[in-house]
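See below for the structure under consideration.
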2 protein chains.
Amino acid sequence: MTVLKDVSGGVALWRQIVDAIRLDIVGGKLAAGDRLPTEAVLAERFSANRHTVRRALAVLAEEGVVGAEQGRGTFVRNAKRLSYPIGKRTRFREGLKGQVEDFSTIRLGHRLENASAAAAKALGIRAGAKVVRVEGLTSADGVPMSRSTTWLDYRRFADFGEQLEQLKSFTKAFESYGIADYSRASTRISSRHADIEETKLLKLVPGAIVLVSEAVDVDAGGTPISYALSRFPAERMELVV
Amino acid sequence: MTVLKDVSGGVALWRQIVDAIRLDIVGGKLAAGDRLPTEAVLAERFSANRHTVRRALAVLAEEGVVGAEQGRGTFVRNAKRLSYPIGKRTRFREGLKGQVEDFSTIRLGHRLENASAAAAKALGIRAGAKVVRVEGLTSADGVPMSRSTTWLDYRRFADFGEQLEQLKSFTKAFESYGIADYSRASTRISSRHADIEETKLLKLVPGAIVLVSEAVDVDAGGTPISYALSRFPAERMELVV
DNA sequence: TAAATTTGTCTAATGTACTAGACAACTACT
DNA sequence: AGTAGTTGTCTAGTACATTAGACAAATTTA
């Protein structure tokens, strides 16, 4: 007679073990170079079979977080999580300066569309009004760190997409519209599982968690200029207020 | 429109559909009273079988988020997500004022322990030094909203646990130590799957996501007084900066 | 009333998740 | 060299996840 485990909540045990071990690593309980507990001990700790633990370790090995060595044990390879500071003057690049060497943003295109209720409210325009929508993907040291979608009022920023592709920077694109400075009016932070597109672009294992930030930036006069929805891999980033 | 369908990432398809639909509801795409798309349409959208969609809807019905009516359709019952503002003067109760009717905090006890590296760093003491650890669970209108653990320097707040049980409020307990005012020095926000204890206390389905906030509060002189680790159910709360 | 639409229930088949036990391959220590 | 400890691989069985099709039951529309 098999003893039934706690009802599955739709998240496989091996995936929960992946999350738990990674949390110990990025949280500092285990440092780079440390040896993890043996598979047998981990199986005991998580009330799981050794094979299930092995599956979790295989995923972490795939990600480069740990590495197994036959006869010796399994060791922590790579540790830390980036910190992204959020405040009045929030700039993605500057915020991560000092934490990463290389930085690159891929523009995934832009198009016109009608404002959703949320976008309209954030930008202070009526729902359905024309807005410019810009898609982007930012990587640090070759690792994808942020998938972002930004909406801007078409009446003021008709060619923003083109400007951005040329100038390669939001700050500079805003300057081309005469906005010398801008600041963060509000940031809403929530969290959910990554969808399939995010999983692919952010190079996540399916089922990974993303931190979602909804940010409204305003110009010097306090007028909303952009509404941005950014998704960060929770395993690679934390937000600091 | 969210598209899912990832193979075998350890998160069951029905659970991803639960998350996606709930996101549409708490995100405002669907308001209370609205009829959801039919099961057939949802199955099409998520590239899933109707049975799989039905399982997801059953979970949401269990949570009270939606309700199905035979022959008519499935309707949104309960909508919103609470917003918890984070700033210089962050107070849990005040932050949620106006959003909830009733408010209750259960103290889950307190004890002495030796400071972890993270706690020590936050409080500006040496690792291993004695700290007071306080556990709590806060509910709004009967729904658990926050599971928190707070650490304080033992040398300054030896009897904090007792004070808190008597005074029922962090603000008042701090006052009893002569701290008339305090403010938020920093908040780190991350996200992960809920562990077993959190799942139970916060009344979550296993596999749910929690937003994790690590906060350091300081007194008027800028000296750290508390380090708090709070876990919020991502499906019920968002953080606003 | 009849037809169309929508949710509710049943049976069945296939692949994934998890458990269980056994043994091989490799490393470190005595 | 021998032994204990650890990871790697194999087989096999049970429960869960997902798909598929069919029909019943309730509601709305024509």
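Letters go in sequence order (proteins before strands), and every chain restarts at 1.
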From C-beta outward on [X], which listed nucleotide comes closest to its side chain: [options]?
X: A/W14; options: D/dT7, C/dC18, C/dT7; value: C/dC18
X: B/R72; options: D/dT28, C/dT19, D/dA17; value: D/dT28
X: B/A48; options: D/dA24, C/dT9, D/dT19; value: D/dT19
X: A/E39; options: D/dA24, D/dG8, D/dT19; value: D/dG8
X: B/L13; options: C/dG8, D/dT19, D/dG8; value: D/dT19

**Message:** For C/dG8 and B/R54 - does any side-chain N or O of the residue sit under 4.0 Å from the phosphate oxygens OP1/OP2?
**Reply:** yes

**Message:** When you measure from the side-chain N and O atoms of A/T74 to the phosphate of D/dT7, is any distance below 4.0 Å, counting only OP1 and OP2?
**Reply:** yes

**Asked** If you round to the nearest 0.5 Å, how far is CE of B/M237 from OG of A/S191?
**Response** 13.0 Å

**Complete:** To the nearest 0.5 Å, atom CG of A/L36 lies from atom CD1 of A/I25 at 5.5 Å

To the nearest Å, give me how far apart [atom1] ([X]) and [atom2] ([N]) are.
X: B/I17; N: D/dT19; atom1: CD1; atom2: C1'; result: 12 Å
X: B/R55; N: D/dT19; atom1: CZ; atom2: C1'; result: 14 Å
X: B/N49; N: C/dT14; atom1: CG; atom2: C1'; result: 13 Å
X: A/L42; N: D/dG8; atom1: CG; atom2: P; result: 13 Å
X: B/R15; N: C/dA17; atom1: CZ; atom2: P; result: 16 Å
X: A/Q16; N: C/dA17; atom1: CD; atom2: P; result: 13 Å
X: A/R35; N: D/dG5; atom1: CZ; atom2: P; result: 12 Å
X: B/L60; N: C/dT7; atom1: CG; atom2: C1'; result: 16 Å

**Request:** Classify the side chain of A/R50 versus the base of D/dG8 as yes if they form a donor-acceptor pair under 3.5 Å and no if they do not.
**Result:** yes

**Asked** With a 3.5 Å cut-off and just heavy-atom distances, do the side chain of B/H51 and the base of D/dG21 make a donor-acceptor pair?
**Response** yes

**Message:** Go nucleotide by nucleotide along DNA chain D from the 5' end; which of A/G71 and B/A12 gets its closest nucleotide reached first?
**Reply:** A/G71

**Message:** Both B/A68 and A/T52 contact DNA chain C. Which one's nearest nucleotide lies toward the 5' end?
**Reply:** B/A68

**Request:** Hey, which sits more toward the 5' end of DNA chain C by its nearest nucleotide, B/T38 or A/E69?
**Result:** B/T38

**Asked** B/I17 pairs by side chain to side chain contact (heavy atoms under 4.5 Å, CB included) with which of B/V53, B/V59, B/L57?
**Response** B/V53

**Asked** Without hydrogens or angle criteria, can the side chains of A/T149 and A/R231 be said to hold a donor-acceptor pair below 3.5 Å?
**Response** yes

**Prompt:** Do A/S213 and A/S230 have a side chain donor and acceptor closer than 3.5 Å?
**Reply:** no

